[in-house]
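Down below is the structure, laid out as structure tokens.
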Amino acid sequence: MSDGYVTPDGRTIGGKVLEMRNITLRFGGVVAIKDISFDIREGEIRAIIGPNGAGKSSMLNVINGFYHPQEGEILFHGEVRKPMKPFQIAQQGVARTFQNIALFKGMSTLDNIMTGRFTHMKTNIFSQMIWKGPAEREEQENREIVEKVIDFLEIQAIRKTPVGALPYGLQKRVELGRALAAQPKLLLLDEPMAGMNVEEKEDMSRFILDVNDEFGTTITLIEHDMGVVMDISDRVVVMDYGKKIGDGTPDEVRNNQDVIDAYLGVDHG
Amino acid sequence: MLYREAGDFKKSYAEDSQTFPLKLDRYGYYAILAIAFLVVPFVINDYWASAVLIPFLIWSIAALGLNILTGYCGQLSLGTGGFMAVGAYAAYKLMTSFPDLNIMIIVLLSGAITAGVGVLFGLPSLRIKGFYLAVATLAAQFFLVWLFNKFEWFYNYSASGQISAPTREMFGFEVTGATASASSKYLFCLVLVVLMAWIARNLTRGRIGRSWMAIRDMDIAAEIIGVNPLKAKLTAFAVSSFFVGVAGSLIFTVYLGAVDVGDTFGIQKSFLVLFMIIIGGLGSILGSFIGAAFLVLMPVLLKNIMVGFLGWPSDIASHLELVIIGFLIMLTLILEPHGVAQLWRVTKQKLRLWPFPH
Ligand SMILES: Nc1ncnc2c1ncn2[C@@H]1O[C@H](COP(=O)(O)OP(=O)(O)OP(=O)(O)O)[C@@H](O)[C@H]1O
Ligand SMILES: [Mg+2]
């Protein structure tokens, strides 16, 4: 298989960051994911779409270690990944946001985004106790990176606001900020635009494209808004009832008969 | 505008994240420190030392400790009394086994030993949460009290079953034992309080503190930012128990001098410290002090009023005292679940803008 490709808008896409091979995930009798294989390549925006209950969120949960598939294997940067805990996968450079916002409600916007730097901060508990010296220096260095994220997302004004007091759209943005602060190798976004108005969706699309463009971050996102998906993604996986029914560029997927059937609600027999 | 930050601009991230961002707060803090170190030791008498100041200082350390575990990390514990007992008995065994060891080192070492015991009892916290964890720590409370009663080795086979602290000096001043002066005992505790509050503040402002709060607010999200839940919880148990152990050690060595484990470190003490942080403010350093001050001062005040001033019998007064404290706890829970510290924060916010409504 060839390594990488060039997108219509001229970006060079690299080798496989993540490869899912024949993944099957069951919950008791329910098969959430049925024998699915696909890959995510360096620098691309990869979308996963499908009707409600198709198994999209379950797929992200498999990638970041919340769920462990009964069958199949996952390759990260070409190596088979042992079963790992979510925090270990985060330490490998995988960050994500949730379909239902999962912010730290008792903390400010700034602190929430600072938590995203956790895997990059190393000073031990004794330095932390003394603060002056290594701990403070490390805090300042990471604060600078976080301030860049805050500027990038245009949320300077709510820096000190407790996140619980923010409107939904801004909370989604802060959650993206926390994931971005981790400077991840792979960024997973579960419905980043759900429940947003048109303007907020445009902002969010712009942020996603800019992150990918400026930092070369590999992004995998789940989204229901077809217009948005077709606009911003390089390749799309389509799921329905736990199965993969399509995989390719937005144009290929759009013209795939199985996909059209699934979305038009054709009887599955 | 009495309380202002206008003109108080921050020029660096370090300035922006300092402990007292407002000048007025900073000066207030320095003033309190100056009075505590330079004035109080010269005017203190035995009554004030033993009824108010020393218990306030020691319970503040215990409240800081429980606040780290419960307020910052979200792990409810009812084992505070038991962990204080660990600190006290560790201090006793160290003092009697190593008579030449400096008392400051004894106190800090007994905190370290308590930290180890705390980690042991914190292990179940990975699997059990909330109510069930509280029950597990309650079991620890009863187990520890039983342990120190049961095995005579812990009290060096003394006939009374009590432990009592020998005299120890610091810089030539006696700080433990019957003849230690009020001011040297007070200063010894004060130094430890300042040290411990400084540690608590530093630990809660950075990487580790944020990992605790992340676990408290949403453990699933904490994992996806790379926090190892077991590690975060166990560090919280360790640090918290260190504080609580130091407090227990001080109660025994400096404050009471002799201890019967069931009386001094029973389940009521676990609740007392919990009430302190609820009233003062969960997840707040200042709140730990406010809560300790409140629950130490209030009984003294009520007793003076009811027994001394109104002349009521003291048993009625002490029952009424419980009722009043219970009532106040309910009141804070209903009116301001974040405690008096939050009330203070909100008031400051308003004073900052006063007299303009916006
Ligand atoms: N923890 C779980 N326990 C049992 N069943 C689960 C669990 N998580 C997911 N499922 C089931 O797996 C299937 C796929 O769910 P999933 O949340 O992955 O769908 P989705 O494609 O993200 O849907 P939506 O668009 O509504 O978010 C559903 O039938 C769901 O009920
Ligand atoms: Mg979903």
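In what follows, chains are A, B, ... by sequence order, proteins preceding strands, each numbered from 1.
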| task | Answer with side chain, backbone, both or neither: which region of Arg216(B) has an atom nearer than 4.5 Å to a non-hydrogen atom of chain A? | result |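 For Arg216(B), the side chain is the part near chain A, not the backbone.
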| query | With respect to chain A, which residue among Ser211(B), Gly283(B), Gly206(B) yields the maximal number of heavy-atom pairs within a distance under 4.5 Å? | reply |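 Ranked by contacts with chain A, first place is Gly206(B).
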Around [X], counting heavy atoms of other residues, nucleotides and ligands shown, do more than 12 lie under 6.0 Å from its [atom1]?
| X | atom1 | value |
| --- | --- | --- |
| Lys132(A) | NZ | no |
| Asp151(A) | CG | yes |
| Glu79(A) | CD | no |
| Tyr29(B) | OH | no |
| Phe126(A) | CZ | no |

Proximity breakdown for [X] and chain B, heavy-atom pairs closer than 4.5 Å:
| X | result |
| --- | --- |
| Glu139(A) | side chain |
| Lys160(A) | side chain |
| Glu175(A) | neither |

Winner by heavy-atom pair count (cut-off under 4.5 Å) against chain B, out of [options]:
| options | result |
| --- | --- |
| Gln91(A), Arg178(A), Met121(A), Arg143(A) | Arg143(A) |
| Asn112(A), Asn64(A), Ile125(A) | Ile125(A) |
| Gly106(A), Ala135(A), Ala181(A) | Gly106(A) |
| Glu144(A), Gln140(A), Arg117(A), Arg96(A) | Gln140(A) |
| Glu138(A), Met129(A), Lys85(A) | Met129(A) |

| query | Is any side-chain heavy atom of Ile130(A) less than 4.5 Å from a side-chain heavy atom of Trp198(B)? | reply |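 A side-chain contact under 4.5 Å exists here.
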| Arg210(B) versus Phe118(A): any side-chain heavy-atom pair under 4.5 Å? |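 Side chain of Arg210(B) against side chain of Phe118(A), heavy atoms only: no contact under 4.5 Å found.
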Find the distance between [atom1] ([X]) and [atom2] ([Y]) and round it off to the nearest 0.5 Å.
| X | Y | atom1 | atom2 | value |
| --- | --- | --- | --- | --- |
| Ser127(A) | Ile208(B) | OG | CD1 | 9.0 Å |
| Asp217(B) | Lys105(A) | CG | NZ | 9.0 Å |
| Gln128(A) | Ile199(B) | CD | CD1 | 12.5 Å |

| field | Closest non-hydrogen atom pair, Arg207(B) against Thr123(A) | value |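 The answer is NH2-O, 2.7 Å.
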| message | Report, in residue-number order, which members of residues 218-235 of chain B are under 4.5 Å from chain A by heavy-atom distance. | response |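 Answer by number: Met218(B), Ile220(B), Ala221(B), Ala222(B), Glu223(B), Ile224(B), Ile225(B), Gly226(B), Val227(B), Asn228(B), Pro229(B), Thr235(B).
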| query | So which residues of residues 105-126 of chain B are in contact with chain A at a heavy-atom cut-off of under 4.5 Å? | reply |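 So no residue qualifies.
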